[in-house]
Amino acid sequence: MGQKERIPQLDIFRAIAIFAVIAIHATSRTLSETLDTSMFHPFLFINKFSQFAVPSFVFLSGFVLFYNYIDRPLSGKTLGKFYSKRMLYILVPYVVFSILYFILKMTSGHTWGMPAEEMARKLGKYLLTGTAYTHLYYIIIIIQFYVLFPLILWCLQKVRRLAAWAPVIGLLLQWGFVVLNKYMTNHGYWQLNKGSLAITYFSYFLLGAAIAAYYGSLKKWLVPSREGWRSGKGTGWIALWLLWAAAGIVHVELWFNSHTKKAVINSLWYEGFSNLHALLSCLVLLQMSFLLYGAGRSLLTRMLLSVGACSFGIYLLHPAVLFFYRKLPFHGGSLAYTAAIAGGWLAATLVSWLVVALFFRYMKPAWVLFGSAPQKPPVKASM
């Protein structure tokens, strides 16, 4: 079966998600620097409300994979092509950037004097765990899903009805692990970095799989339109967005009470509202992407499409831009501080986008650094 029609709106989805990723990193220091000030709550809101970013990318990976492969025969040739592309466009850039960030950390920490054996051991650990820099754990999560993908695909192809239950199965697996991990950690049986384990993101990946499997029939409900509004779907869309906003606000307020009032709150409440907000975010971002794309090929739409197409490279590069941006001296009061944080977000976004876009345009081996090149829109035949 041939490759399905590309959904260009997904690049806008990627753009919104990468904006949220950069917002998290741009405000990461503000939570400790502004505590006990009037600026703390706004920065906390930006940081915690944006936590849907990585789950949204996981959801999108699940959607794209199953959208493209759910109706293809699961043959050795198909799997060989699948893994060879991922090795080239995901693993190679990951290794390159892990080494670059390792060099950056060694240089900034003035630790080049350590023995070569210890240095090699440290780099090896970084590569295996995605810890060469704070954001690279996401690649390890995606690699785990790539390993599991053929098994999940085989199950859904054998029993197509399972796709309808995939989000529920994902939730059960994810929460089963969350509860088990809490118990095992509290009793000293293990100490895991669960944020780097794919099982903690199963609900998002399998939600993407379910929507991909039934995309043809779900599209009328998922994609906002005048016809859908007239047929009564608008009430559901409004309810979705209100619930999404409420879940995000409750999640933020839990953290606010913990930081400012020293409230003791069971960690499962944080997990629950974070999970709910992220799941709803996947649907809201999908709707938002279609709305923005449907607004016409405006300058904003074209920019979002370009940012989304370059999002993997932006994800890899932006922490380095933030690292050097923070070396700049900034002075002044709360207004200057806010402007400096906003400037960090803007610089990380624009500089990373510009570098990645220029590399793809003028350098053929750009994939070594930034993965697969953005797809050009098909040229329409003249009438």
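In this text, all values refer to a predicted model and were calculated from it rather than measured experimentally.
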Asker: Using the test side-chain hydrogen bond (donor to acceptor under 3.5 Å, both in side chains), find all partners of Arg29 that sit at least two apart in sequence or belong to another chain.
Answerer: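 Arg29 satisfies side-chain hydrogen bond (donor to acceptor under 3.5 Å, both in side chains) with no other residue.
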Asker: Starting at CE of Met184, measure out to CH2 of Trp190 and round the result to the nearest 0.5 Å.
Answerer: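 If I round to the nearest 0.5 Å, the distance is 4.5 Å.
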Asker: How would you list all residue pairs meeting salt bridge (Lys or Arg N to Asp or Glu O under 4.0 Å) that involve residues 184-206, not counting sequence neighbours?
Answerer: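 Every salt bridge (Lys or Arg N to Asp or Glu O under 4.0 Å) pair that includes a residue of residues 184-206, provided the two are not neighbours, is Lys194-Glu271.
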Asker: About how many Å separate CG of Leu304 and CZ of Phe19, when rounded to the nearest 0.5 Å?
Answerer: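 Rounded to the nearest 0.5 Å, the CZ-CG separation comes to 5.5 Å.
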Asker: Would you say CG of Leu335 has more than 12 non-hydrogen atoms from neighbouring residues, nucleotides or ligands within 6.0 angstrom?
Answerer: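 No, because the 6.0 Å sphere around CG of Leu335 holds 12 heavy atoms or fewer from other groups.
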Asker: Going from CD1 on Ile249 to CG on Leu254, what distance comes out if it is rounded to the nearest 0.5 angstrom?
Answerer: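 If we round to the nearest 0.5 Å, Ile249:CD1 and Leu254:CG are 12.0 Å apart.
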Asker: Quick check against the 3.5 Å criterion: does Asn47 have a side-chain atom that pairs as donor or acceptor with the backbone of Ile24?
Answerer: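 Confirmed, Asn47 side chain pairs with Ile24 backbone.
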Asker: Does NZ or CZ of Lys105 come closer than 6.0 Å to the centre of the six-membered ring of Tyr126, within 45° of the ring's axis?
Answerer: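 Yes, a cation-pi geometry holds between Lys105 and Tyr126.
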Asker: Over 60° means perpendicular and under 30° means parallel, so classify the ring planes of Phe63 and Tyr67, tilted if in between.
Answerer: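 The arrangement is parallel - the two ring planes meet at less than 30°.
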Asker: Describe, in one word, how the ring planes of His259 and Phe40 are oriented to each other, choosing from parallel (under 30°), tilted (30 to 60°) and perpendicular (over 60°).
Answerer: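 Correct class here is perpendicular.
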Asker: For residues Leu60 and Ile22: do they belong to one hydrophobic cluster (side chain heavy atoms under 4.5 Å, members Ile, Leu, Val, Met, Phe, Trp, Tyr)?
Answerer: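 As far as the 4.5 Å side-chain criterion goes, Ile22 and Leu60 are connected within one cluster.
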Asker: When hydrophobic residues are tied together by side-chain contacts of less than 4.5 Å, even through go-betweens, does Ile141 share a cluster with Val147?
Answerer: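 No, Ile141 does not connect to Val147 through the hydrophobic network.
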Asker: Indicate the ring-plane relationship of Phe49 and Phe45, choosing parallel, tilted or perpendicular according to the 30° and 60° boundaries.
Answerer: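 Plane angle under 30°, so parallel.
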Asker: I'd like to know whether CD of Glu117 has more than 12 heavy-atom contacts from other residues, nucleotides or ligands below 6.0 angstrom.
Answerer: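 12 or below, so no.
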Asker: Taking the inter-plane angle between the rings of His187 and Tyr189 on a 0 to 90° scale, is it parallel (under 30°), tilted (30 to 60°) or perpendicular (over 60°)?
Answerer: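 Ring orientation of His187 relative to Tyr189: parallel.
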Asker: How far does CG of Leu172 sit from OG of Ser203, to the nearest 0.5 angstrom?
Answerer: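 Between Leu172 CG and Ser203 OG, I get 10.5 Å after rounding to 0.5 Å.
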Asker: Distance check, rounded to the nearest 0.5 Å: Cys282 atom SG versus Leu222 atom CG?
Answerer: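 Output value for this atom pair is 11.5 Å.
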Asker: Going by atom types alone, do Tyr137 and Asn193 pair a side-chain donor with an acceptor below 3.5 Å?
Answerer: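 There is no such pair (donor and acceptor under 3.5 Å, judged by atom type) between the side chains of Tyr137 and Asn193.
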Asker: Would you tell me whether Ser267 and Lys182 have side-chain atoms, one donor and one acceptor, within less than 3.5 Å of each other?
Answerer: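 Looking only at side-chain atoms, Lys182 and Ser267 do form a donor-acceptor pair, the distance falling under 3.5 Å.
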Asker: Which heavy atom of Thr129 sits nearest to which heavy atom of Ser196, and what is that distance?
Answerer: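 Shortest heavy-atom contact: O-OG, 4.2 Å.
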Asker: Do any N or O atoms from the side chain of His277 and from the backbone of Ser274 form a donor-acceptor pair under 3.5 angstrom?
Answerer: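 No, His277 side chain to Ser274 backbone: no donor-acceptor pair under 3.5 Å.
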Asker: Specify whether Phe145 and Phe202 have parallel, tilted or perpendicular ring planes, treating 30° as the upper limit for parallel and 60° as the lower limit for perpendicular.
Answerer: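 Ring orientation, 0 to 90° scale: tilted.
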Asker: Calculate, to the nearest 0.5 Å, the distance between atoms CZ and OG belonging to Arg14 and Ser56 respectively.
Answerer: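 OG of Ser56 is found 12.5 Å from CZ of Arg14.
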Asker: Taking Gln144 for the side chain and Ala198 for the main chain, is one N or O donor matched with an acceptor at less than 3.5 Å?
Answerer: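 Looks like yes, one N/O pair under 3.5 Å.
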Asker: Looking at Tyr83, does the NZ or CZ of Arg86 lie under 6.0 angstrom from its six-membered ring centre and within 45 degrees of the ring axis?
Answerer: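 Verdict for Tyr83: no cation-pi partner in Arg86.
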